[in-house]
Student: 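Can you read through this structure? Questions will come right after.
When a ligand or atom number is given, it counts from 1 through the structure's own listing order. These numbers come from a predicted model, not from an experiment.
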Amino acid sequence: MDIKLQKVSYAYAKGTPFEKHALFEVDIAIQSGTYKAIIGHTGSGKSTILQHFNGLLKPTGGQVIIGDRVIEAGKKQKNLKPIRQKVGIVFQFPEHQLFEETVLKDIMFGPMNFGVSAEEAEKRARELVKLVGLPEGVLEKSPFDLSGGQMRRVAIAGVLAMDPEVIVLDEPTAGLDPRGQKEIMDMFYELHKKQGLTTIL
Ligand code: ADP
Ligand code: MG
């Protein structure tokens with residue numbers, strides 16, 4: 001699925017005294033199957049851009065084209081749920097969003113919320129822990145008993161469990177030690193190669 005931003009502008013708290021322009025007429029084209037990184041200083045607008053990739057933020061100017069959907073400034077949007085499934089976003093420090101009693105339940109949560117059966121969700125979880133490089137034994141553990149790097153892998157598995165076509169990762173190596181950083185970057189590249197996942201870092 002291709003994603004395109006055409007002259008996208010975004011202002012936080014638009015029309016209030018706190019209005020803050022974060023994006024100015026940004027053009028980006030991401031072709032299906034690519035592996036891309038967006039680089040810029042803190043505050044340059046990377047996280048703001050990423051949230052346009054699945055309609056979490058709607059442009060205040062210009063348009064975002066996600067597959068066959070067009071999200072245009074000033075127009076009402078209906079049913080963005082299918083887009084949220086197809087474009088998975090892993091936020092910075094995703095491990096902060098783990099909450100279930102076990103790793104298994106945590107990975108199963110997203111797909112079940114989207115109507116996948118418990119049986120299928122569990123099957124996916126069992127495959128995904130291996131894919132993100134964790135031993136199957138972690139499934140029965142509390143996510144809070146894992147190391148930081150392991151927790152992050154669980155959180156990533158939780159997004160992959162939605163079976164997205166595109167995965168967007170916001171500063172995925174932040175806070176990891178150099179070895180953890182290399183391991184997790186290698187993992188993204190492997191996923192990209194093996195699963196043909198469009199990957200945006
Ligand atoms: P980056 O991810 O590259 O560090 P951000 O997209 O987070 O940049 O931020 C871009 C700009 O938007 C910054 O000036 C930031 O202060 C501002 N900003 C980010 N989030 C908000 C928000 N929720 N409300 C107001 N301004 C924000
Ligand atoms: Mg950011």
Student: Quick check: are there more than 12 heavy atoms from other residues, nucleotides or ligands sitting under 6.0 Å from CD of Glu120?
Tutor: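 Check passes, neighbour count above 12.
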
Student: Indicate, with yes or no, if the rings of Tyr12 and Phe18 have centres closer together than 6.0 Å.
Tutor: no

Student: Please confirm whether His41 approaches ligand 1 to less than 4.0 Å, judged on its heavy atoms.
Tutor: yes

Student: Yes or no: does Ser44 have any heavy atom under 4.0 Å from an atom of ligand 1?
Tutor: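 Right, Ser44 reaches ligand 1.
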
Student: Hey, does the side chain of Asp2 reach the backbone of Ser32 with a donor-acceptor pair shorter than 3.5 angstrom?
Tutor: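 Yes.
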
Student: At under 4.0 Å between heavy atoms, is it the side chain or the backbone of Lys20 that contacts ligand 1, or both, or neither?
Tutor: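 Lys20 to ligand 1: side-chain contact only, backbone stays beyond 4.0 Å.
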
Student: Give me the nearest non-hydrogen protein atom to atom 20 (N) of ligand 1 as residue plus atom name, then the distance to 0.1 Å.
Tutor: Tyr12 CZ, 3.4 Å

Student: Would one find more than 12 heavy atoms of other residues, nucleotides or ligands at under 6.0 Å from atom CZ of Phe24?
Tutor: yes

Student: Among protein heavy atoms, which lies nearest atom 7 (O) of ligand 1, and at what distance?
Tutor: Ser47 CB, 3.8 Å

Student: Using side-chain heavy atoms (C-beta onward) and a distance below 4.5 Å, is Ile49 in contact with Val26?
Tutor: yes

Student: With a cut-off of 2.8 Å, how many protein N, O or S atoms neighbour the Mg ion (ligand 2)?
Tutor: 1

Student: Looking only at heavy atoms of Ala13, does any of them come nearer than 4.0 Å to an atom of ligand 1?
Tutor: no

Student: Among all protein heavy atoms in this structure, tell me which lies nearest to atom 8 (O) of ligand 1, with the distance rounded to 0.1 Å.
Tutor: Gly45 N, 3.1 Å

Student: Does the N or O separation between Gly43 and ligand 1 drop below 3.5 Å for any pair?
Tutor: yes

Student: Does some side-chain heavy atom of Asp163 sit less than 4.5 Å from a side-chain heavy atom of Gln85?
Tutor: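 With C-beta onward as the side chain, the pair touches.
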
Student: Considering residues at least two apart in sequence or located in another chain, which fulfil the side-chain contact (heavy atoms from CB on, under 4.5 Å) criterion with Ser147?
Tutor: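 With sequence neighbours excluded, Ser147 shows a side-chain contact (heavy atoms from CB on, under 4.5 Å) to Gln150, given in chain and number order.
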
Student: Does a donor on one side chain and an acceptor on the other come within less than 3.5 Å for Ser47 and Asp170?
Tutor: yes

Student: Against heavy atoms of Thr48, which atoms of ligand 1 measure under 4.0 Å?
Tutor: 5 (P), 6 (O), 9 (O), 10 (C)

Student: Need the ligand 1 atom indices (1-based, order shown) with element for anything under 4.0 Å from a heavy-atom of Thr42.
Tutor: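 Contacts of ligand 1 toward Thr42, numbered from 1: 4 (O).
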
Student: Below 4.0 angstrom, N of the basic side chain to O of the carboxylate: do Glu119 and Arg124 qualify?
Tutor: no

Student: Between Phe99 and Phe109, is the gap from one ring center to the other below 6.0 Å?
Tutor: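 Ring centres of Phe109 and Phe99 closer than 6.0 Å.
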
Student: So how far is it from Asp177 CG to Lys182 NZ, rounded to the nearest 0.5 Å?
Tutor: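 Reported to 0.5 Å precision, the distance equals 13.0 Å.
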
